[in-house]
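The structure under discussion appears below in the form of structure tokens.
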Amino acid sequence: MKIAICGAGTVGTGVAQILHDNADLISLRGGEDIEIAVVASRRRPLDGPLQGYEFTSDLSSVCERSDVDVIVELMGGTTDAKRLIEQALKAGKSVVTANKALIAEHGDALFDLAAEHKVSLKFEAAVAGSIPIIKVLRESLAGARIDWIAGIINGTANFILTEMASEGVSRSFEAVLAEAQSLGYAEADPTFDIDGTDAAHKLTILGALAFNQPLRFDQVHIEGITEIEPSDFKFARAFGYRIKHLGVARLLGASLEMAVYPCFVATSAILSGIDGVLNGVLVSSDAAGETFCSGAGAGAGPTGNAVVADLIDLHRQVLGPGSDALTRNDQPLKVLRPEETKAGFYLRITVEDRPGVMSAITTVLADFGISLDKILQEDAANHCATVALVTDPILQGVVEQAVAELEQHDAVLGKIQKIRVF
Ligand code: HSE
């Protein structure tokens, strides 16, 4: 499959890097190599993984090329990107895009155009970076009636809220935002991240998919995170909540709530634990109950990964039936026996409570080359004591030998409890 990458920013770079680094896997899983035929953007990439490919600054030319099967639109914006995608679809080329604003604001017309020309318009990368939430809604929950979706769907806003909530951190809103920008999380115009627009674009798409609705970005209620003050985090904590910026699409009777807003989320709730640039989406449906997906919501690798997955999907569509079979490597990897694997181990040892016992235990462990991470002793009744310890990572086979030797020691009483540390 030959592709044109249009847009040489963070995501375009991420896609090229993945196609290069994982070429063997992609070819095995997708049934064909994915090659970059041409890179199109305003400026030629002078370094990084996008350099060295044929380059053009004439975007529309890529749609006319017979050696390009798929157009990958990673420019962002809703003007040039829209024109490019329309032109590509009309030329009979499938499109993969990460452009949430474009899908949210013009998606219905673009999907109609794709159907008319019997090609695909794929957009997994448009919502929540690496999280396959579009696939979950379209495929995994295709047979379930969805009641509601609640998600942390802007990594930059979540990053800022997480930092602002940390006790002892006194960085300003601006300083945290600048870091998010330097890490490549923030939008070109970061106002979209903090005023809720970016989350609203994504929520528009999720709500439309979940409830089979038209894409109606203009009807989403939007609140950002700019009004939240440091004291709000303090009171949230005192009441047992964390402040999260959520996108909520919820069926209420015969109507829909479609909104993004900051809100108090109980500390015990699963979305409370989604911190930093992570995104998390919780979907409640009649058949499946609550389904939760979490992962990196922004950045070159995570978003690039979603683009590459869509490309592989497209090729599987071309291959047709049979392409859903499990792909197998010609040279299978050896599967390790448990004793060949490494982990830290917790050991609980009941011993006689007399001088020299602790030293005897640690000597046996040292003789096997087992280093200790933590150790505790508690006195029990009847001149017994319990020694609990955690080892540093070590081969399971070595721990088993050490345990067998310890169990022979006259100060060790009964069987030693052994549990892996994950
Ligand atoms: N600016 C977006 C975010 C990038 O921070 O989530 C991914 O859409």
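Numbering starts at 1 and runs along the sequence shown. Atoms within a ligand are numbered from 1 in the order they appear, just like the ligands themselves.
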Location of contacts on Ala186 toward ligand 1, heavy atoms closer than 4.0 Å:
backbone

Give the atom numbers and elements of ligand 1 that come within less than 4.0 Å of a heavy atom of Gly297.
7 (C)

Can you find a heavy atom in the side chain of Thr226 that is under 4.5 Å from one in the side chain of Asp195?
no

Suppose I only count heavy atoms of Asp198 and a 4.0 Å limit; which atoms of ligand 1 are within that range?
2 (C)

Rounded to the nearest 0.5 Å, how far apart are NZ of Lys93 and NZ of Lys2?
12.0 Å

Out of the candidates Leu137, Val136, Ile153, only one should pair with Val281 under the side-chain contact (heavy atoms from CB on, under 4.5 Å) rule; please name it.
Ile153

State the atoms of ligand 1, each with its element, that fall below the 4.0 Å cut-off from a heavy-atom position in Gly155.
3 (C), 5 (O), 6 (O)

Distance filter under 4.0 Å to Lys202 heavy atoms, resulting ligand 1 atoms
2 (C), 3 (C), 6 (O), 7 (C), 8 (O)

Of all the atoms in ligand 1, which lie at a distance below 4.0 Å from a heavy atom belonging to Thr156?
1 (N), 3 (C), 5 (O)

I need the atoms of ligand 1 closer than 4.0 Å to a non-hydrogen atom of Asp193, numbered in the order shown.
1 (N), 2 (C), 3 (C), 5 (O)

Glu400 side chain reached by Lys418 side chain, heavy atoms, under 4.5 Å
yes

Mind checking whether Tyr241 and Phe264 have parallel, tilted or perpendicular rings, split at 30° and 60°?
tilted

Please identify which of these residues, Val62, Val95, Leu74, Ile85, meets the side-chain contact (heavy atoms from CB on, under 4.5 Å) condition with Cys6.
Val62

Check Thr303 against ligand 1 and report side chain, backbone, both or neither, counting heavy atoms closer than 4.0 Å.
neither

Atom 8 (O) of ligand 1: which protein heavy atom is closest, and how many Å away?
Lys100 NZ, 2.6 Å

Starting from atom 2 (C) of ligand 1, locate the nearest protein heavy atom and write down its residue, its atom name and how far away it is, to 0.1 Å.
Glu187 OE2, 3.1 Å

Go through it in stages, so that I can follow the logic: the residues are Lys135 and Asp310, the test is salt bridge (Lys or Arg N to Asp or Glu O under 4.0 Å), and I'd like the CA-CA distance, side-chain angles, deciding distance and then a yes or no.
CA-CA 10 Å; Lys135 287 184 171 59; Asp310 271 353; 3.2 Å; yes

